[in-house]
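A quick write-up on the structure given underneath.
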Amino acid sequence: MPPLCHGVIQNELSSYTIEMVKGLCPNVVGIAEPAKEGYQLTLKLNLNQIPQNKDYDKVIKEISTVHSVILSSQLKEILWNVNFDDALQGMYKPIKLVYHPKDHFFLIRQPQRIIAVFPIRFREKSDVIIATAFFQELVDVGSSDKWAKVPPCNWSAIPPPELRGEAFEDLSTNGGFFTFDISSRHVEGNRLDKTVWNLLNFNAYVRYHVKSTKGFIQRRMRKRLESLVEVLHQTNLEENEQTKQHQVYRYTKKLVRSAKYAVLKQRWGTFGRKIKRIRFRLKIHGFTRFRQQWFRFPKFSTGYTKIVEKSA
């Protein structure tokens, strides 16, 4: 276990932290003394004592919590001494606590209080925008009278003056710096465990909020898109219905015209036949025979007779 706290005078773990580690799995976990050079803690694991039944996963999970147990124990020891005036003598510098390789924070001891500073980093620009809005709203809510008992908080795009002189890579952020002012009333009694838990999980809470907000926005956008698609689909259906109605109207109109034309044609045929009957000559019985006899044209022969001259 490499050092999790940087800036503390004594590099060795306290007796309280060692007792917390021993209480995890006494039959499986043991502490090797002295620790390996360059490390704060060296553990010995008795693998034969790990049960092979259902408790196997439970033991593994308890062993994996050594990291958080050590860091929470050290953080408790620092917060216990919030009222000490050692900071006035210049004995303490900003303390860097590494809960996750990419998520660290600083504790700065001042008279009658401790300032916790969280450098915020994100990969995507959209996450930075959501987190910045969340921090601003969190500061506004925290400064209200309703939440006067909680630790005062503040957000800034630049590091506070107390971190001057720290490594550049530790202060290079794109989400700014969020700070909490912790006083003695925030670590009294049962509040100490709650304060420690909130500080260790603040980065995780911010990332969870950003992820949930992005999911909410995506669901709203998807729902909005579905509603727009439904409106467009409904419009297409109405247009298709109007087109069908127009086609039916045109077909009906054409059919009516065809029916009218057939009726008119039938009527015109009847009327035309009547007109023809009026225009025809009056038929007189026997007139045809009379016309054949009296109005017959003479027939002329088309042949000719050759005249032969006889000599005398």
Side-chain angles (χ1 to χ4, degrees), residues 68-69 71-85 87-88 92 94-100 102-122 124-163 171 173-221 223-224:
S68 59
V69 168
L71 190 59
S72 62
S73 300
Q74 293 178 336
L75 183 56
K76 284 182 180 180
E77 293 178 1
I78 297 173
L79 295 179
W80 272 333
N81 301 324
V82 66
N83 290 325
F84 288 178
D85 295 334
L88 296 177
Y92 286 93
I95 303 172
K96 177 183 175 182
L97 288 85
V98 183
Y99 186 63
H100 189 272
K102 296 181 180 180
D103 295 331
H104 60 270
F105 62 98
F106 296 92
L107 292 180
I108 305 171
R109 296 193 58 182
Q110 291 187 352
Q112 304 299 323
R113 66 171 183 168
I114 293 178
I115 300 177
V117 183
F118 291 86
I120 306 299
R121 299 178 179 86
F122 290 101
E124 300 181 4
K125 188 176 180 180
S126 59
D127 296 347
V128 177
I129 297 174
I130 296 174
T132 302
F134 170 67
F135 292 149
Q136 293 175 351
E137 186 172 357
L138 188 61
V139 171
D140 294 338
V141 174
S143 59
S144 61
D145 296 337
K146 184 179 179 180
W147 304 98
K149 295 183 179 181
V150 301
C153 56
N154 188 24
W155 177 83
S156 176
I158 60 177
E162 292 81 4
L163 294 181
L171 302 180
T173 64
N174 56 1
F177 298 83
F178 200 85
T179 61
F180 290 99
D181 290 341
I182 303 172
S183 60
S184 58
R185 65 177 181 177
H186 301 131
V187 295
E188 294 176 352
N190 296 329
R191 295 180 181 178
L192 178 62
D193 293 335
K194 189 175 182 180
T195 302
V196 170
W197 190 90
N198 290 332
L199 292 177
L200 292 179
N201 293 277
F202 179 73
N203 277 311
Y205 174 72
V206 172
R207 297 185 184 280
Y208 172 77
H209 175 80
V210 172
K211 184 177 180 180
S212 300
T213 304
K214 292 177 66 176
F216 174 76
I217 295 174
Q218 291 174 358
R219 289 194 299 269
R220 290 293 300 272
M221 293 176 62
K223 187 176 180 181
R224 180 62 177 169

I108 side, atom CD1; R113 side, atom CZ - distance, nearest 0.5 Å:
9.5 Å
Are more than 12 heavy atoms from other residues, nucleotides or ligands located less than 6.0 Å from atom CG of D140?
yes
With side chain to side chain contact (heavy atoms under 4.5 Å, CB included) as the criterion, how do Q74 and I95 come out once you've worked through the C-alpha distance, each side chain's angles and the decisive distance to 0.1 Å?
CA-CA 11 Å; Q74 293 178 336; I95 303 172; over 6 Å; no
Is there a side-chain contact between S184 and Q112 in this structure, where contact means two heavy atoms from C-beta onward sitting under 4.5 Å apart?
no
Using 0.5 Å steps for rounding, measure from the CD1 atom of I158 to the CG atom of L163.
11.0 Å
Within this structure, what is the CD1-NZ distance for the pair I129 and K214, rounded to the nearest 0.5 Å?
10.5 Å
Would you say the side chain of S72 lies within less than 4.5 Å of the side chain of W197, judging by non-hydrogen atoms?
no
T179/N154 under side chain to side chain contact (heavy atoms under 4.5 Å, CB included): CA gap, chis, key distance, verdict
CA-CA 5 Å; T179 61; N154 188 24; 3.6 Å; yes
Does the pair F180 and V150 meet the rule for a side chain to side chain contact (heavy atoms under 4.5 Å, CB included), with working shown?
CA-CA 10 Å; F180 290 99; V150 301; over 6 Å; no
Please enumerate all residues that pass ring-ring contact (aromatic ring centres under 6.0 Å, His included) together with F105, with sequence neighbours excluded.
F118
I'd like to check F122 versus V206 (side-chain heavy atoms, cut-off strictly below 4.5 Å). Are they in contact?
yes
Taking the side chain as C-beta and beyond, is there a heavy-atom pair between V117 and P159 under 4.5 Å?
no
Exercise: identify the closest heavy-atom pair between D181 and P151
O-CB, 3.4 Å
Measure from the side-chain N and O atoms of N174 to the backbone N and O of K125, and report whether any donor-acceptor pair falls under 3.5 Å.
no
Checking ring-ring contact (aromatic ring centres under 6.0 Å, His included) between F178 and each of F202, W155, Y205, which is the one that passes?
F202
Distance-only polar pair, side chains of H209 and S212, donor-acceptor under 3.5 Å
no
Determine the minimum heavy-atom distance between P119 and F106, stating which atoms define it.
CG-CE1, 4.0 Å
Distance check, rounded to the nearest 0.5 Å: S68 atom OG versus L75 atom CG?
12.0 Å
Over all heavy atoms of both residues, which pair between R191 and R185 is shortest? Give the atoms and the distance, please.
NH1-O, 2.8 Å
I'd like to know whether CD of E137 has more than 12 heavy-atom contacts from other residues, nucleotides or ligands below 6.0 angstrom.
no
What's the verdict on side chain to side chain contact (heavy atoms under 4.5 Å, CB included) for V128 and V210, showing C-alpha distance, side-chain angles and the deciding distance?
CA-CA 9 Å; V128 177; V210 172; over 6 Å; no
Donor-acceptor pair, T195 side chain versus H186 backbone, under 3.5 Å?
yes
Can you confirm whether more than 12 heavy atoms, excluding those of K194, are under 6.0 Å from its NZ atom?
no
To the nearest 0.5 Å, what is the distance between CG on L107 and CG on L97?
5.0 Å
D127 with K211: basic N within carboxylate O range, under 4.0 Å:
no
Value rounded to 0.5 Å, distance of NZ in K76 from CG in L199:
12.5 Å
